[in-house]
S.K.: 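For reference, the structure I am asking about is given below.
It should be emphasised that the depicted structure is a prediction, and the values quoted were computed from it without experimental measurement. Heavy-atom basis, side chains included; hydrogens, waters and symmetry copies ignored. Below, read A as the first sequence line, B as the second, and so on, with proteins coming before strands; counting in each chain starts at 1.
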Number of protein chains: 2
Amino acid sequence: MVTIYDIAKACGFSPTTVSKALNGYSDVKEKTRRLIKQTADEMGYYPNSQAKALIKRKAWNIGVLFQDGENIGITHPLFAEILESFKKVAESHGYDVTFISNKIGDTRLSYLGHCKYRQVDGLVIACTDFYSDEINELLDSDLPIIAIDYSDERVSCVTTDSMAGMTLLYDHLYDLGHRDIVYLHGELTYITLDRIKALKKAAEKRGESFNDEQLIEAKYYSVKTGYSVMKELLQRDERPTAVMVCDDFTALGAINASIDSGLSIPEDISIVGYDGIQISQLLRPRVTTVKQDAEKMGALAAEKLVRLIEQKDEERETLVMLPSIIIGDSCKNKE
Amino acid sequence: MVTIYDIAKACGFSPTTVSKALNGYSDVKEKTRRLIKQTADEMGYYPNSQAKALIKRKAWNIGVLFQDGENIGITHPLFAEILESFKKVAESHGYDVTFISNKIGDTRLSYLGHCKYRQVDGLVIACTDFYSDEINELLDSDLPIIAIDYSDERVSCVTTDSMAGMTLLYDHLYDLGHRDIVYLHGELTYITLDRIKALKKAAEKRGESFNDEQLIEAKYYSVKTGYSVMKELLQRDERPTAVMVCDDFTALGAINASIDSGLSIPEDISIVGYDGIQISQLLRPRVTTVKQDAEKMGALAAEKLVRLIEQKDEERETLVMLPSIIIGDSCKNKE
DNA sequence: AAGTAAATCGAAATCGATTTCGAAATAATA
DNA sequence: TATTATTTCGAAATCGATTTCGATTTACTT
């Protein structure tokens with residue numbers, strides 16, 4: 001491994017001068033700077049990020065914490081889209097991205113412990129469940145944090161307006177004539193409760209009501225659960241004319257269950273999803289859904305987090321994005 | 001930030017003893033060890049990975065390099081499945097996982113430069129194109145590396161047997177009576193050439209031949225390209241009875257193109273994919289495809305890489321996995 | 001030529017750990 | 001009790017950088 005000491009020896013200057021030359025200090029003669037830079041290149045020198053981080057107290061590293069109910073991690077389509085975009089922007093600002101787990105080797109470590117150990121400069125959290133002690137420990141810490149799809153007074157957040165999203169979908173179904181609607185919601189997390197509340201309000205605005213009997217619990221990003229819950233629903237004496245599902249993946253399960261039950265979509269039953277992940281528009285029928293702009297969410301999250309890290313007076317903020325509706329082929333007028 | 005110096009001061013021992021107590025050295029009295037551990041807990045101490053890495057010359061960090069033609073990164077379904085599994089196993093061995101890009105801030109940095117800078121202990125590479133100078137620089141370096149879906153004398157690899165995979169698919173179509181088959185292959189990378197060669201052999205074994213006119217270039221994991229290439233193909237005077245596609249995603253494009261052209265699958269044309277990603281079995285029609293066991297590939301890759309890092313006499317090795325065929329609903333007997 | 005200002009360089013301290021080796025304290029033995 | 005062996009501890013060097021501040025050299029003025 002080539003260090004500044006090696007370079008110093010090779011060209012007869014002190015390590016101090018080498019460091020200064022490579023970091024653009026003004027008190028280095030242009031000629032020596034050239035010499036030092038050249039020999040550094042020739043010797044294949046790369047600064048050691050550890051040594052740098054130790055003295056500068058900055059690791060140029062951002063942690064990522066993903067935790068979903070189904071434990072699918074990075075294969076979660078929405079999270080993956082957000083992370084990919086987040087990563088690109090973070091990298092353009094000079095930060096690397098490292099996954100944060102709650103163990104290191106065989107010993108369990110809290111998430112906060114892991115962050116402190118790895119000395120990440122900031123953290124992005126995307127969880128389906130924000131209510132665990134470990135997450136709260138993070139939210140209470142002074143680590144710069146940006147949370148995805150959540151809202152909390154303690155940290156900055158990037159989220160999509162539930163009211164807008166649920167209203168877009170409900171109104172669409174309402175305008176198609178549907179009154180008998182069921183919502184297959186996800187695990188009862190913050191965001192789920194928020195969406196249910198929004199849904200009820202959206203119904204009220206149209207002079208309807210959305211009752212608890214119209215709610216059925218499914219799981220986020222679980223095709224399997226979407227399938228089984230929908231199967232059960234279809235065995236009832238009276239089936240709804242339209243079904244809203246918590247996300248596009250689970251909606252796919254519901255669609256498959258309908259097809260396997262001999263129904264065709266949208267002729268026999270209308271189904272809408274949520275999130276607008278890429279695959280949702282590649283399926284047949286194309287799912288009618290609400291698009292969360294994952295790319296923009298990831299980019300905004302990264303920009304905000306970088307500001308939180310680099311500017312000490314940057315304040316916490318909840319960035320609420322407005323969703324848009326994607327009209328697919330999974331809904332039809334109720335005749 | 002709490003350091004061993006703080007702990008030392010707090011309980012009247014030297015930093016040396018604190019370090020030893022926390023690291024299980026035998027020359028520390030049991031009573032002092034307890035005292036030190038307790039105050040470390042109370043003060044919320046976490047070791048600083050940078051300082052540790054600097055002196056121990058080991059970062060407990062593994063780099064991930066993803067590079068695909070479409071630049072979809074982490075949203076690549078197969079890569080995501082492999083990485084998720086890789087990550088879990090790597091973490092269980094105590095390693096964190098960090099993405100490696102080729103820039104740090106606004107200055108471009110070679111991949112190898114980035115690895116040296118971040119001092120990763122090893123690297124996992126999944127690329128569609130292994131032929132760039134930067135990748136070769138990595139393969140020639142002495143960094144422990146595991147490559148996914150590639151084969152190279154310089155590094156260890158985890159790959160799936162192309163011959164077996166292509167034969168499974170070809171034989172399946174052959175047995176269904178198909179003779180007029182087209183292969184929509186991916187970009188002409190190592191693995192693509194390998195598969196084409198395998199396909200030709202598979203045909204020969206059945207007394208047939210697979211000619212270059214039966215090959216059409218598409219792109220990996222590009223639904224769009226699959227769609228457009230298939231559209232073009234269907235405008236020919238005579239369309240094939242079966243189409244093999246380089247992956248399940250691109251196959252989805254081909255399926256959609258067929259449907260939009262008024263064909264139904266598998267009645268009018270049979271289509272097979274490759275990889276067996278999860279979504280492929282959730283679509284209707286379910287795609288007939290060859291399954292690369294992504295979870296196992298990721299796990300094996302991690303285990304091998306950890307061994308390469310930790311055992312100096314561990315030798316390079318190419319782990320070839322046997323694929324299996326998944327019979328879906330996208331193929332039918334040629335009448 | 002002398003004095004001042006500016007440019008150029010390097011010694012040493014520092015970041016937070018680990019590890020060697022010697023010193024001191026305690027225990028074991030003669 | 002004196003001697004030896006064993007525990008227990010800590011001073012100091014080290015990893016690879018950065019940064020302060022003083023020293024030296026060079027350039028500029030009069």
S.K.: Please determine if a side-chain N or O atom of A:Y25 lies less than 4.0 Å away from the OP1 or OP2 oxygen of D:dT19.
M.R.: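 Yes, A:Y25 has a side-chain N/O under 4.0 Å of OP1/OP2 on D:dT19.
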S.K.: Nearest-Å distance, NZ (A:K116) to P (C:dA17)?
M.R.: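 Roughly 12 Å, once rounded to whole Å.
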S.K.: Look at the side-chain N and O atoms of B:R57 and state whether any lies under 4.0 Å from the OP1 or OP2 oxygen of D:dG16.
M.R.: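 Yes, within the criterion.
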S.K.: Is the shortest side-chain N/O distance from A:T16 to OP1 or OP2 of D:dT18 below 4.0 Å?
M.R.: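 So the side-chain polar atoms of A:T16 never come under 4.0 Å of the phosphate oxygens OP1 or OP2 of D:dT18.
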S.K.: Rounding to a whole Å, what distance do you find between B:K31:NZ and D:dT7:P?
M.R.: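 The distance from NZ of B:K31 to P of D:dT7 comes to 19 Å, rounded to the nearest Å.
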S.K.: Establish, from distance only, whether the side-chain atoms of B:H93 and B:E303 form a donor-acceptor pair under 3.5 Å.
M.R.: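 B:H93 vs B:E303: donor-acceptor pair found between side chains.
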S.K.: Between A:N23 and D:dT18, is there a contact of a side-chain N or O with OP1 or OP2 at under 4.0 Å?
M.R.: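 Yes, such a contact exists.
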S.K.: For the residue pair B:T98 and B:N61, confirm or rule out a side-chain donor-acceptor distance under 3.5 Å.
M.R.: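 Yes, B:N61 and B:T98 have a side-chain donor paired with an acceptor closer than 3.5 Å.
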S.K.: Separation of A:I36 atom CD1 from C:dT8 atom C1', in whole Å?
M.R.: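 In whole Å, C:dT8 C1' and A:I36 CD1 are 11 Å from each other.
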S.K.: Rounding to an integer number of Å, can you tell me how far B:L54 CG sits from C:dT18 C1'?
M.R.: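 That distance rounds to 10 Å.
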S.K.: For A:F99, run the ring-ring contact (aromatic ring centres under 6.0 Å, His included) check against B:F86, B:F99, B:Y95 and tell me which one passes.
M.R.: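 Single ring-ring contact (aromatic ring centres under 6.0 Å, His included) partner of A:F99 among B:F86, B:F99, B:Y95: B:F99.
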S.K.: Between A:K56 and C:dT14, does any side-chain N or O lie under 4.0 Å from OP1 or OP2?
M.R.: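 For C:dT14, OP1/OP2 do not have a side-chain N/O of A:K56 under 4.0 Å.
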S.K.: Where along residues 7-15 of chain B does a heavy atom come under 4.0 Å from DNA chain D, residue by residue in number order?
M.R.: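 B:G12, B:F13, B:S14 - these, ordered by number, are the residues of the stretch whose heavy atoms sit under 4.0 Å from the strand.
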S.K.: Using a cut-off of less than 4.0 Å, is there contact between a side-chain N or O of A:R33 and OP1 or OP2 of C:dT8?
M.R.: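 It does not, given that no N or O in the side chain of A:R33 lies less than 4.0 Å from OP1 or OP2 of C:dT8.
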S.K.: Pick the closest DNA chain C nucleotide for B:D27 and for B:K52 by heavy atoms, then say which residue is nearer the 5' end.
M.R.: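 Residue closer to the 5' terminus by nearest nucleotide: B:K52.
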S.K.: Testing the basics here: between B:C127 and B:I135, what is the closest heavy-atom pair and its distance to 0.1 Å?
M.R.: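 Of all heavy-atom pairs spanning B:C127 and B:I135, the closest is SG-CD1, 3.9 Å.
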S.K.: Distance alone, cut at 3.5 Å: any donor-acceptor contact between the side chains of A:T192 and A:Y220?
M.R.: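 A:T192 vs A:Y220: donor-acceptor pair found between side chains.
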S.K.: Working to the nearest 0.5 angstrom, can you tell me the gap between B:C11 SG and B:K37 NZ?
M.R.: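 B:C11 SG to B:K37 NZ: 13.5 Å, rounded to 0.5 Å.
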S.K.: From OH of B:Y117 over to P of D:dA17, roughly how many Å is that when rounded to an integer?
M.R.: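 One finds 11 Å between P of D:dA17 and OH of B:Y117, rounded.
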S.K.: If I take atom OH in residue A:Y5 and atom P in nucleotide C:dG10, what distance separates them, rounded to the nearest angstrom?
M.R.: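 Going from A:Y5 (OH) to C:dG10 (P), I get 14 Å.
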S.K.: Which of these nucleotides, C:dA17, C:dT14, C:dC9, is closest to any side-chain atom of B:I4?
M.R.: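 Closest nucleotide to the B:I4 side chain: C:dA17.
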S.K.: Between A:I55 (CD1) and C:dA17 (P), how many Å, whole number?
M.R.: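 Atom-to-atom, A:I55 to C:dA17, this comes out as 14 Å.
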S.K.: For A:N48 and for B:V28, find the nucleotide of DNA chain D with the closest heavy atom, then tell me which residue's nucleotide is more 5'.
M.R.: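 Whichever sits nearer the 5' end wins; that is B:V28.
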S.K.: I'd like to know if the side chain of A:T75 pairs up with that of B:E84 as donor and acceptor (distance under 3.5 Å, no hydrogens or angles considered).
M.R.: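 Looking only at side-chain atoms, B:E84 and A:T75 do not form any donor-acceptor pair under 3.5 Å.
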S.K.: Using a cut-off of strictly less than 4.0 Å between a heavy atom of the residue and any atom of DNA chain D, enumerate the qualifying residues of residues 37-45 of chain A by number.
M.R.: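 Here the set is A:Y45.
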S.K.: Ring-plane angle category for A:Y150 and A:Y190, please: parallel below 30°, perpendicular beyond 60°, tilted otherwise.
M.R.: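 If you compare the ring of A:Y150 with that of A:Y190, the planes turn out perpendicular.
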S.K.: Is there a side-chain polar atom (N or O) of B:S19 under 4.0 Å from OP1 or OP2 of C:dT18?
M.R.: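 For C:dT18, OP1 or OP2 has a side-chain N or O of B:S19 closer than 4.0 Å.
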S.K.: Regarding A:T32, tell me which of base, sugar-phosphate or nothing describes its non-hydrogen contacts under 4.0 Å with the strands shown.
M.R.: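 Result for A:T32 = sugar-phosphate.
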S.K.: May I have the step-by-step check of salt bridge (Lys or Arg N to Asp or Glu O under 4.0 Å) for B:E134 and B:R108, ending in yes or no?
M.R.: CA-CA 12 Å; B:E134 280 203 25; B:R108 252 191 73 88; 2.2 Å; yes
S.K.: Are side-chain N/O atoms of A:H76 and A:E70 paired as donor and acceptor at under 3.5 Å?
M.R.: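 Checked: A:H76/A:E70 side chains show no N/O donor-acceptor pair below 3.5 Å.
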S.K.: Can you check the A:W60 CH2 to D:dA17 C1' distance for me, whole Å?
M.R.: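 Whole-Å distance recorded here is 16 Å.
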